[in-house]
Amino acid sequence: MSENFEVKVDSKSYIPDPAYREQSFLGDYKAVYKEFIQDPDEFWSRMAKEIEWIKPWTKVLEWNHPYARWFTGGTLNITTSCLDRHVKEGRRNKLALIWRGEDGEERVYTYRQLHRDVMRFANALKKIGVQKGDRICFYMPLVPEHIIALLACARIGAIHSIVYAGFGAEALHSRIRDAEAKVVITADVGKRRGKVISLRSIVDDAVRNAPSVEKVIVLCREKCSVELYSEMEEDFYSLLEGVSADCSPEEMDAEEPLFILYTSGTTGMPKGIVHSCGGYATGVHYTAKYLFDLKENDVIWCTADTGWITGHSYIVYGPLSVGATVVITETTPDWPDPGIWWSIIEELGVTLFYTAPTAIRMFMRVGEEWPNKYNLDSLRIIGSVGEPLNPEAFEWYYRVIGKMRCPILDTWWQTETGMHMITTPLGEPMKPGFAGVPIPGIIADVVDEEGNSLPPGQGGLLVIKKPWPSMMRTVYRNDERYKKYWNQIKDYYAAGDLAVKDEDGYFMILGRADDIIIVAGHNLGTAEVESALVEHEAVAEAAVIGVPDEIKGQAVKAFVILVKGYTPSQKLVSELTYHVRMSIGPIAMPAAIEFVDTLPRTRSGKIMRRILKAKEMNMDLGDTSTLEE
Ligand code: WTA
């Protein structure tokens, strides 16, 4: 982006029932924000004291740009905040987890049961030689065992790296290799739309040529041959036999890593975002309690998968840390019919529902008669994340699901930020199209490329000006990429998003400023998709852009130059689409492939995706001075 641009920002607003603010943990947003500004260390210290520590910290923040150390000297284990304290404090028989399968099967865990099973699995991991600091890769469907194994890693200080089970073998392989995972945990199958999808075969492919992997743990859901065919494999439940259900938490330094989570980058290999134990635990507890306002009797259903940061923070760590009841399901929103999710809300009495704009737009299209069949009175707050919630989708969500009663929390944040950063705190006026304001603890702004603050109505780059506890600490084995976040625009954290503020300081998020495409809320690097295409023998060169899609927000369009001797055909389109599906996964599949003879390039040879995009959308080509003849 070379220039700032004007954006029309006037909009209407909705005022929620004042009772929401009066009864909220946060109280008056503006007053709390002021407290934070007056003494940031005191603010974060107060928040950190709400989780369990083994040893207290001596200093809240040591900031040595771009490196932050939060809660220096403090030690903890996040699982004691998520489990032990609820067992101790009289919530042992409270439901921690409710799981729903596609066929209606239900499994529930109280805090006591979850605590016990986590400790047992933690001991099982130790039994096979897992130690603090080892990387454990997950490729699992959303079943209770997934949550148990993940918390078990945290219990013993092993670093989990969860890979969304919709990714293909190659994407999984590269993540296993980059993290040098010692163990891979998977299941024989996942279930989707009545079909059984083999996961184990994908893992079999992915662990070939991954010398770090010593064991593959398989959760058998079907009658799977437990005579696992290689010596490497272990059966999930057999591992638990004869194992003690008592495992004391590993004492972790606040700054030691809790997990790695890969997210798409603008170039090459996805980035392994590293989160720390103390800062992350503080950030997710704070936001689950003070932004989502989760009370003990709340039932939260975040429809994300654990493979994304949203699942880490608001399925697992945040809600469990505040002692709420968490709903997880393996269901798809429209199978067996588009009423399934609403029926789950009615039946389980979900109070906080958190989903993505893509799902909302899909439901808009199938019609409000589906949600209207069910009683959604239990809902208290409804949330959105992952992409801009456009005003039409906001209005529909507010009216049809929230019944003009539930506040919408449109939360802007990232894998890198660990927790919510911008939203509309309970009680503040809601403006369709605007995510909201920086939460207490966060200083955000819209700036130009030099870092100068832009006035309301001027679109520009979204930055965070000061460190926060749940910020990523580095990119795994690639600190250079980490430094870039803090060195691009002054000494600010560059989020890579475009945004605009209005007169009241509300932020509207306009989309990515770089070569990341967000398809149905999932980040894809253009480079990732291009390199998958180029791997195919027929493809000489490829360029990929995001084009608008009514439901998914954006869809992938690919421009392909063929190798001499190949001719464009529908068959080739199908073949290339299938190839991308197998190597990265269904989310990366191009919606359209166009065969071309040349691609627009800069004089230095870089493909100008901006030009492709402008042409595709019949827009002005903008500055073409660097375009090759
Ligand atoms: C986008 C997901 C508009 C944004 C938590 C960001 C959003 C990227 C919103 C991060 C929102 C996320 N409104 N855009 N409420 N939330 N985004 O790492 O472009 O999967 O940079 O984290 O999603 O995606 P990630």
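Whatever order the structure lists them in is the order used to number ligands and atoms, beginning at 1. Numbering of residues begins at 1 and proceeds along the displayed sequence.
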Novice: Using heavy atoms and a 4.0 Å limit, tell me yes or no: is G386 in contact with ligand 1?
Specialist: yes
Novice: Applying ring pair (Phe, Tyr, Trp, His ring centres under 6.0 Å), name anything that partners Y33, two or more places apart in sequence or on another chain.
Specialist: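 Here the qualifying residues are Y29, F36.
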Novice: Check each atom of ligand 1 against the heavy atoms of P388 and keep those under 4.0 Å away; list them by number with element.
Specialist: 3 (C), 13 (N), 14 (N)
Novice: Compare all side-chain heavy atoms of I345 with those of W301 and state whether any distance is below 4.5 angstrom.
Specialist: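 Touching, per the 4.5 Å side-chain cut-off.
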Novice: Can you tell whether the side chains of D445 and K501 come within less than 4.0 Å, N to carboxylate O?
Specialist: yes
Novice: Going by ring pair (Phe, Tyr, Trp, His ring centres under 6.0 Å), name the pairs with one or both residues in residues 439-467, residues two or more places apart or in two chains.
Specialist: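 Those involving residues 439-467 do not exist here.
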Novice: Counting C-beta onward and ignoring hydrogens, is there a side-chain heavy-atom pair between E180 and R135 closer than 4.5 Å?
Specialist: yes
Novice: Need the ligand 1 atom indices (1-based, order shown) with element for anything under 4.0 Å from a heavy-atom of T310.
Specialist: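 Counting from 1, the qualifying ligand atoms are 5 (C).
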Novice: With heavy-atom distances below 4.0 Å as the criterion, list the atoms of ligand 1 near D410.
Specialist: 11 (C), 15 (N)
Novice: Is it the side chain (CB and beyond), the backbone, both or neither of E387 that lies under 4.0 Å from ligand 1, heavy atoms counted?
Specialist: backbone
Novice: Which atoms of ligand 1 are found less than 4.0 Å from any heavy atom of R512?
Specialist: 19 (O), 21 (O)
Novice: Write out the residue and atom name of the closest protein heavy atom to atom 4 (C) of ligand 1, then the distance separating them to 0.1 Å.
Specialist: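 The answer is D497 OD2, 2.9 Å.
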Novice: Quick one: which ligand 1 atoms are inside 4.0 Å of a heavy atom on I518?
Specialist: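 Result: 1 (C), 8 (C), 19 (O), 23 (O).
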Novice: Does W308 come within less than 4.0 Å of ligand 1, judged by its heavy atoms?
Specialist: no
Novice: Taking H312 for its side chain and W308 for its backbone only, find out whether a donor-acceptor pair lies under 3.5 Å.
Specialist: yes
Novice: Which residue holds the protein heavy atom closest to atom 10 (C) of ligand 1, what is that atom called, and what is the gap in Å?
Specialist: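 Answer for atom 10 (C) of ligand 1: W413 O, 3.6 Å.
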Novice: Between T355 and Y397, is any pair of side-chain heavy atoms under 4.5 Å apart?
Specialist: yes
Novice: For the residue pair K271 and Y476, would you count it as a cation-pi contact if the rule is NZ or CZ under 6.0 angstrom from the ring centre and within 45 degrees of the ring axis?
Specialist: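 The answer is no, since K271 fails at least one limit relative to Y476.
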Novice: Check T415 against ligand 1 and report side chain, backbone, both or neither, counting heavy atoms closer than 4.0 Å.
Specialist: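 For T415, the contact with ligand 1 is made by both the backbone and the side chain.
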